[in-house]
Amino acid sequence: MICPWRKSLTLGLLAGLAIMLTQAAPALPSGQQPGQQHQPGQPQQPGQTQPAQPESPQPPQAPQPEDTRGIIRAQVNLVVVPVTVKDSSGELVSDLRDDEFRVLEDGVEQKIAFFSTDAFPLSAVVLLDDGLKAKTSRLVKPTLVAVAGAFGEADEVAVGRFDAYYTPLLDFTKDNDKLINALKSVDLGNQTFSVSDATGPQPPRPGIGDERAPGEAPPSGNPFKPTNTKHIDDAIHAAAQMLRTRGRDRRKVIVIVSDGANGRYNAYTHDETLKLLLASDISVYAIGLDAAVLLRGTTDLSHYAHTTGGDVYYAARESELPRFYAQVSEEARHQYTIGYLPTGTDHAKPYHQIEVRIRRPNLSLLARDGYYLGARP
């Protein structure tokens, strides 16, 4: 015989357990087995009856509390430095590690935060000197089609010519057929030009995007010979204006084919043009002809190239030109890419000097000399 108080306790526990199970288990439609879920839109199983009344709508959920956490946005000034490394024979070196490089800004060593050996697509402006000697122009013209073979499907290329002023011939395109047709149509040495053209007012050239047109006429009262009117500074400035808005995920380069002769009356000074190049991460690659070969290392072409981390090739013979076109694009595409966050330098200064060093001996490197803080588009 069970004691009455034990019987009451046992019944109370069973009742409580039943209530808990009832609250925990959801009600199943008629004919549905436990563990079997009925999906909306599925046909009822045999023996199952459709509910007479539609399910009651769910009660509106209480609004979620608003996320009061603040969102912090910060601009990170990552300085990106493309670097070309060559051995003693002039061949590219491609097996260096990040710990073999050192980067100094204004003499202060920086920690490398980003390092890549991946090839970058190119955004390139090809500048063709239209003031070459007649014989040189005739030799260069048939080689220009080889320029198209130096670029790949992911590259975008624009073409322009210059003498007293810059003239765009082709806007940026990835269409190799368009590039070939534009290069075939170039007739170097036949651009009409006279002293009156240089001293008279010049209309703004299309595609420059600046208030002053490259090749702008010099002040009146400054007579000069037609051979002294070629404006390399203005031509490079115009090409830099086209490139400055291209993305930083592309390598931005100017490829200039010229003898290096530069007139006195450029609308933009050498320093103004150089500042635009460094502020926009643009490198200049030059292929020197005629006088540039004799004066190698002393022309404006070589200064633009070395200061911006580009390179110069000197073509003494016509047969060298197609090979140099290919080498320029290959070198620009396969640079090492080093990035760092500037620390320990005066951020109030507009210009910062960059020096890249390498620990492995008997190697030479090319990198830009510096950058302008906050000047990038």
Side-chain angles (χ1 to χ4, degrees), residues 77-122 150 248 250-256 260 274 277-278 281-288 292-316 320 323-346 349 351-372:
N77 187 35
L78 179 70
V79 179
V80 179
V81 187
V83 181
T84 300
V85 182
K86 297 183 178 182
D87 59 20
S88 56
S89 62
E91 297 296 323
L92 295 176
V93 178
S94 59
D95 62 343
L96 293 169
R97 305 182 308 273
D98 58 346
D99 58 357
E100 296 184 87
F101 289 93
R102 296 175 60 202
V103 181
L104 291 85
E105 178 175 304
D106 298 336
V108 179
E109 186 154 3
Q110 304 293 316
K111 181 180 179 181
I112 296 177
F114 176 80
F115 180 83
S116 174
T117 59
D118 294 338
F120 274 63
L122 301 180
R248 294 187 74 186
R250 310 182 68 86
R251 195 80 80 213
K252 295 182 282 188
V253 300
I254 296 173
V255 181
I256 179 170
L274 189 59
L277 294 169
L278 294 177
D281 299 334
I282 300 171
S283 298
V284 175
Y285 289 83
I287 298 177
V293 178
L294 300 175
L295 302 173
R296 62 178 62 201
T298 62
T299 64
D300 289 327
L301 294 181
S302 59
H303 187 257
Y304 276 127
H306 294 151
T307 306
T308 61
D311 206 350
V312 186
Y313 291 84
Y314 297 101
E320 295 177 315
R323 176 165 55 89
F324 288 163
Y325 300 148
Q327 286 182 344
V328 164
S329 64
E330 190 72 8
E331 181 176 324
R333 193 190 323 277
H334 290 96
Q335 292 175 304
Y336 294 94
T337 305
I338 297 175
Y340 68 92
L341 300 173
T343 56
T345 58
D346 184 4
K349 292 172 53 179
Y351 177 77
H352 297 271
Q353 186 178 18
I354 297 175
E355 182 183 359
V356 182
R357 299 177 183 176
I358 192 168
R359 291 185 168 90
R360 190 181 299 186
N362 302 322
L363 298 179
S364 61
L365 61 84
L366 299 169
R368 57 194 174 104
D369 287 353
Y371 72 96
Y372 285 89

Are Gln327 and Asp311 side-chain neighbours, meaning at least one heavy-atom pair lies under 4.5 Å?
no

Output, in order, the C-alpha distance, side-chain angles, deciding distance and verdict of side chain to side chain contact (heavy atoms under 4.5 Å, CB included) for Tyr351 and Asp369.
CA-CA 10 Å; Tyr351 177 77; Asp369 287 353; 4.0 Å; yes

So do the side chains of Thr84 and Leu365 get within less than 4.5 Å of each other, counting heavy atoms only?
no

For Ala150, is there any backbone N or O sitting under 3.5 Å from a side-chain donor or acceptor partner on Ser329?
yes

Answer whether the closest heavy-atom distance between the side chains of Thr343 and Gln110 falls below 4.5 Å.
yes

If you measure only the distance, is there a donor-acceptor pair under 3.5 Å linking the side chains of Arg251 and Ser283?
no

If every non-hydrogen atom of Phe101 is compared with every non-hydrogen atom of Val83, which pair is closest and at what distance?
CE2-CG1, 4.1 Å

For Val284 and Ile256, run side chain to side chain contact (heavy atoms under 4.5 Å, CB included): C-alpha distance rounded to whole Å, both residues' side-chain angles, the deciding distance at 0.1 Å, then the answer.
CA-CA 8 Å; Val284 175; Ile256 179 170; 4.1 Å; yes

What are the two closest non-hydrogen atoms of Pro82 and Gln335, and how far apart are they?
CB-OE1, 3.2 Å

Closest non-hydrogen atom pair, Gly309 against Leu366
O-CB, 4.2 Å

Do Leu277 and Arg368 come within less than 4.5 Å of each other through their side chains, counting heavy atoms only?
no

Are Thr308 and Leu278 side-chain neighbours, meaning at least one heavy-atom pair lies under 4.5 Å?
yes

Heavy-atom nearest pair, His352 first then Asp346, reads CE1-O, 2.8 Å

Reference residue Glu100; test salt bridge (charged side-chain N to carboxylate O under 4.0 Å, His left out); the match among Arg360, Arg359, Arg357:
Arg360

Would you mind reporting whether Ser89 and Asp87 have side-chain heavy atoms less than 4.5 Å apart?
yes

Quiz question: by atom type and distance under 3.5 Å, do the side chains of Tyr313 and Glu320 form a donor-acceptor pair?
no

With a 4.5 Å heavy-atom cut-off, do Leu363 and Leu96 have their side chains touching?
yes

Could you give me the CA-CA distance, side-chain angles and deciding distance for Leu78 and Leu341, then say whether side chain to side chain contact (heavy atoms under 4.5 Å, CB included) is met?
CA-CA 5 Å; Leu78 179 70; Leu341 300 173; 4.0 Å; yes

Would you call the rings of Tyr371 and Tyr340 parallel, tilted or perpendicular, where under 30° means parallel and over 60° means perpendicular?
perpendicular

Minimal heavy-atom distance between Val312 and Tyr314, with the atoms involved, is CG1-CZ, 3.4 Å

Over all heavy atoms of both residues, which pair between Pro342 and Asn77 is shortest? Give the atoms and the distance, please.
CD-O, 3.2 Å

Does any part of the side chain of Asp118, heavy atoms only, come nearer than 4.5 Å to the side chain of Thr337, both counted from C-beta?
no

